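This report concerns only the one structure given below.
In the text below, chain A, chain B and the rest are named by the order of the sequence lines, each starting its count at 1. These numbers were taken from a predicted model, which means no experiment stands behind them.
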Amino acid sequence: MFDSASRAVRPFVPLRAGEIGMYNCGPTVYDRQHIGNLYSYVVADVVRRTFEYFGYRVKQVMNITDVGHIVGDADEGEDKMAVGARRAGKGPLQIADEYTRLFMEDRRKLNVQEPGVVSKATDHVPEMIDLIQRLIDRGNAYVAADGVYFDTTTFPGYGTRLNAESPEQRVAGARVEVNPNKRHPSDFALWRAAKPGDLQQWDSPWGRGNPGWHIECSAMSMKYLGDTFDLHTGGEDHLFPHHECEIAQSEAATGKPFVRYWLHVRFLRVDSERMAKSKGGFYTLDDVISWGYDPLAFRLLALGAGYRNGLDFTTKGMDAAQSRLERWRRTIRTAYAATRGRVAEPEGDHAITREFRDALADDFNTPKALAAAEKALNLAATVDTDEQERALWMLFDMDRVLGLSLKESATAKEELSADEHAVFDRREAARKAGDYTKSDELRKELLERFGIQVKDTKAGTRWERVGRKGA
RNA sequence: GGCGACGUAGCCAAGUGGUAAGGCAGAGGUCUGCAAAACCUUCAUCGCGGGUUCGAUUCCCGCCGUCGCCUCCA
């Protein structure tokens, strides 16, 4: 896998054999998560599933940031949680709970498995305070007028562990006013003293206030995974400063290496541009669903691109993914019916399975893995039932990682409603009577009114729900 | 301004020093009352210009273009 810290692909070797500790930087729950956020969790999910597929036990921890963090140091702008709360006329915790719920719902729709531990920042303030105290005791942090800061000069290599650009080079482009309370411009806040009107504040040895943004991830990841753990994931935007700060404060506090492998997901783009509210490309999963797409088509789209290259979200791309998904389902359903639900593990190492596994083992190359799956699909479309049984076994096996509910689509049974059935029967009658004009009319009606595609096959008339696209 | 990534067919997207996976769309065909589905066939010399090499899309240099980061952000 590719490790951001060494900027190279290197073999993955876990700390403890057969076991992996993995931490995902979670969302700040002050608003709905957009598809870009969701995309990064789909990637994390595929990573987790891949490790499990290869037999590892994965302990996955994801945080929920339910404390508002406006700024690193210069206090400008407004607390995000506060903004969200005021907008809805509710308290910060209600807001956090509400958006957390919606977030978890979106994840389920995308077949993203639940992490073993989901930890909320507000539940871990004591741990953060402990950690800050340790840093002060060790001389890595100092108390200033408006909070506690990490002294970056005490941590050699600060800001360069994951980034090629040195801190000196950054100063040139600095665009935020330097806080005069800090000893060095690059120092970052661990604890911020409360200001009048702060909705969320806690007591601490340094007075009332709230924790800095970076400290929560250090405190929670180490609590659940230990001082050193295997894998830390996040969006590319976290490379700097968030993860650099995490490294600095964690390693300074423990004197041990913090994370063994870093994985950063490139941003999802909308029509080739970064999604941003100002550009109008801020979409939620519900938007995507309302346009007539299956959430799993979005997952398939995500799988179709390498996580390090980012994903370009376009309606064309979604159309392609939707068509592809529907074809997979049809093929599998047909094959499953042909084998009467039997599947058979191929003897020995099947070339297709091997191709699939090699692709995943090569830095989670899901596009390549999908190509292997397409080969299995071709096999499933043959008339040889032995071949089909093997193909189905392989597809269901692959689905442990792909997470496209292939098995469910094979066995899904759907019924026509009474209304639909009536139209369907009338068409059958017209067709039998040779009245093709009328039968074609009714077929069109089924499609346009109910989203039902009628197919006349040698084996009789079939139908299928295809949904209605476009908006 | 600094740092980084990328530029492969109409679109999305893998990949390799020896003439380029897969998907979507399209075209032709088989099947069909017609459709739909399915199946078969078909569809690229890899941004531009140099260089290294027996040979480069793949390595190096330059240029052009796109995108991201430079302390809110998955």
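Between B/rU57 and B/rG47, the distance separating the two P atoms is 9 Å to the nearest Å. To the nearest whole angstrom, the two P atoms, one in B/rC54 and one in B/rG1, are 40 Å apart. Going from the P atom of B/rG51 to that of B/rU58 covers 14 Å, rounded to whole Å. Distance noted for atom P between B/rG18 and B/rA56: 12 Å (whole Å).
For the atom pair CG (A/Leu379) and CD (A/Glu387), the distance works out to 4.0 Å, reported to the nearest 0.5 Å.
Rounded to an integer number of Å, the gap from A/Leu263 CG to B/rA74 C1' is 12 Å. Between the NE2 atom of A/His184 and the P atom of B/rU71 there is a distance of 19 Å, given to the nearest Å. Distance OH (A/Tyr283) to C1' (B/rA74): 18 Å, rounded to an integer number of Å. Rounded to whole Å, atom C1' of B/rG2 lies 13 Å from atom CZ of A/Phe240. Spacing between atom CD of A/Glu236 and atom P of B/rA74 amounts to 12 Å, rounded to whole angstrom units. The distance between atom CG of A/Leu370 and atom P of B/rC24, rounded to the nearest whole Å, is 12 Å.
Taking every side-chain heavy atom of A/Cys25 into account, B/rA74 is the closest of B/rA74, B/rA21, B/rU71.
A salt bridge links A/Arg32 with A/Asp286: the closest approach of a Lys/Arg side-chain nitrogen to an acidic carboxylate oxygen falls below 4.0 angstrom.
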Would you mind building the protein contact string for nucleotides 33-43 of chain B? One character per nucleotide, 5' to 3', B for base within reach (heavy atoms under 4.0 Å), S for sugar-phosphate only, - for untouched.
-> BBBBSSS----
Taking protein heavy atoms under 4.0 Å as touching, what does nucleotides 10-16 of chain B look like 5' to 3' if B marks base contact, S marks sugar-phosphate-only contact and - marks none?
-> -S-SSS-
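Evaluation of the side-chain hydrogen bond (donor to acceptor under 3.5 Å, both in side chains) rule for A/Ser6 yields A/Asp3, A/Arg10 as partners, not counting sequence neighbours. Every residue two or more places apart in sequence or in another chain that forms a ring-ring contact (aromatic ring centres under 6.0 Å, His included) with A/Phe150 is listed here: A/Phe188. Partners of A/Thr334 according to the side-chain hydrogen bond (donor to acceptor under 3.5 Å, both in side chains) rule, which considers only residues two or more places apart in sequence or in another chain, do not exist here.
Within a 6.0 Å radius of NZ in A/Lys444, other residues, nucleotides and ligands contribute 12 heavy atoms or fewer. Atom NZ of A/Lys109 has more than 12 neighbouring heavy atoms from other residues, nucleotides or ligands inside a 6.0 Å radius.
Nucleic acid contact for A/His238: sugar-phosphate only, since backbone atoms but no base atoms lie under 4.0 Å from a heavy atom of the residue. Residue contacts shown for A/Glu244 are absent, as no nucleic acid heavy atom lies under 4.0 Å away.
Both distances falling under 3.5 Å, in either a Watson-Crick or a G-U wobble arrangement, occur for no nucleotide opposite B/rA37.
Here A/His232 and A/His243 bring their ring centres to under 6.0 angstrom of each other.
A/Arg183 forms a cation-pi arrangement with A/Tyr142, by the criterion of a distance under 6.0 Å to the ring centre and an angle within 45° of the ring axis.
Shown for residues 152-163 of chain A: no residue has heavy atoms falling under 4.0 angstrom of RNA chain B.
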